[in-house]
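What follows is a short report on a single structure.
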Amino acid sequence: MAELSLQHLDKIYDNKVQAVFDFNMDVKDGELIVLVGPSGCGKSTTLRMVAGLEDISRGHLIMDGRDITQTPPKDRDMAMVFQSYALYGHMTVYENMAFSLTLRKENPNVIHKKVMAAAEILGLVPQLNKKPSQLSGGQRQRVAMGRSIVRSPKLFLFDEPLSNLDAKLRGSTRREILLLHKRLSATMMYVTHDQTEALTLADRIVCMSMGHVQQIGTPLELYDSPANLFVAGFIGLPPMNVFDVRVSDGKLVNDVFSTAILPEEKAKLAPYEGKEITLGVRPENIEPHEDGDIPMSVNLNENLGMNTLVHGHVGNSSVRMTGKFKGWCDYKPGDGLYVRFVKRHFFDKETTNAI
Ligand code: ADP
């Protein structure tokens, strides 16, 4: 169990590339933190600084009140699970899981107890005598997790652990990690580029872009109140629709639509009277409605079962819009309809920050 404080961490690689800028956060004991963002945004670098696999260029890392900025990885009491499972092919599942404890010359009875307990948690008891080559990808990933669990580390670190698995296994292994987290009540940091993994797993998400933290918050906070346009576009699938509009006399107006500002939106939009802002609307917040004030022309109808993704444009313009409508719809290319926006987000055009 561990509390972790990442204090103003910077990472500048030898080639002068700055991969992380002023990363700041306190991780509570037992929290599952997910670092999410596009490829190259500095997630793995941050995790590797925590693990001690990369030097910290500036800042401090504090675990349970102790400064471990300069502590070598082996003395940090952390376990890392990678995308590639890196299992020993000539060893059985049991031997793979026992390996680190055997190296430490633990008492064989203790080793046996710990391996069996981990195998029980992970449903690996029937596989203990098999070699990794006889296992599925999902089972191999569980062995890799088992290897971490037996060490009872203070902190678990996961670097894209599911990205080698096919879609179905990703879903089930993700749920296993969630159950594992609840069962062990362990502090975990988890890196992924997949916003679904972030939303489903995290107690708190850290959303990053180009080495900078964009927002830290619960999944609901990032989904419901994104701090800026980057987070708004990254969290949520399909991404939020964005429209340029002008705040004008109680309305949001552009060349293709005009929609009333609601009473509860008035105060925050007042300083923007006469100015251009960005209006953001999630596909699931667009509703077809005969009295809707936004015209839509349809390009493509995608049935997902419970919902239908309807892609098209605002009226006859080139402004794209995607709606996620309830139920099974059968729109044809060229169909026209009216929609309304049931929840709206506003962003400052210059700073891209939420208004
Ligand atoms: P992510 O995990 O979000 O995909 P990384 O942390 O791997 O991103 O990389 C962040 C940035 O640092 C990228 O621009 C990457 O090219 C750069 N980078 C990563 N590792 C090194 C390295 N060993 N030397 C130089 N630059 C690196």
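Being a predicted model, the structure only gives us computed values, none of them experimental. Every number for a ligand or one of its atoms is a count from 1 in the order of the listing.
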Open item on the list: When you compare the side chains of D194 and T192, does any donor N or O come within less than 3.5 Å of an acceptor on the partner?
Closed with: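 Checked: D194/T192 side chains show no N/O donor-acceptor pair below 3.5 Å.
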Open item on the list: Please tell me whether R147 and S100 have a donor and an acceptor in their side chains that are separated by less than 3.5 angstrom.
Closed with: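 Looking only at side-chain atoms, S100 and R147 do not form any donor-acceptor pair under 3.5 Å.
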Task: Every residue of the protein that comes under 4.0 Å of ligand 1, judged on heavy atoms - done: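 These residues qualify: Y13, N15, A19, P38, S39, G40, C41, G42, K43, S44, T45.
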List the atom pairs, donor and acceptor, that lie under 3.5 Å between side-chain atoms in residues 319-326 and the rest of the protein, sequence neighbours left out.
residue : atom : partner : partner atom : Å
T322    : OG1  : H311    : ND1          : 3.0

Open item on the list: For the aromatic rings, using the six-membered ring if either is Trp, is the centroid distance between F156 and H181 under 6.0 Å?
Closed with: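 No - the distance between ring centres of F156 and H181 does not fall below the 6.0 Å cut-off.
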Task: Cation-pi geometry met for K349 and F347 (6.0 Å, 45°) - done: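 The answer is no; the distance or angle limit is not met.
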TODO: Kindly give the heavy-atom pair with the smallest separation between H345 and Y223, and that separation in Å.
DONE: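 That closest heavy-atom pairing would be CE1-O, 4.4 Å.
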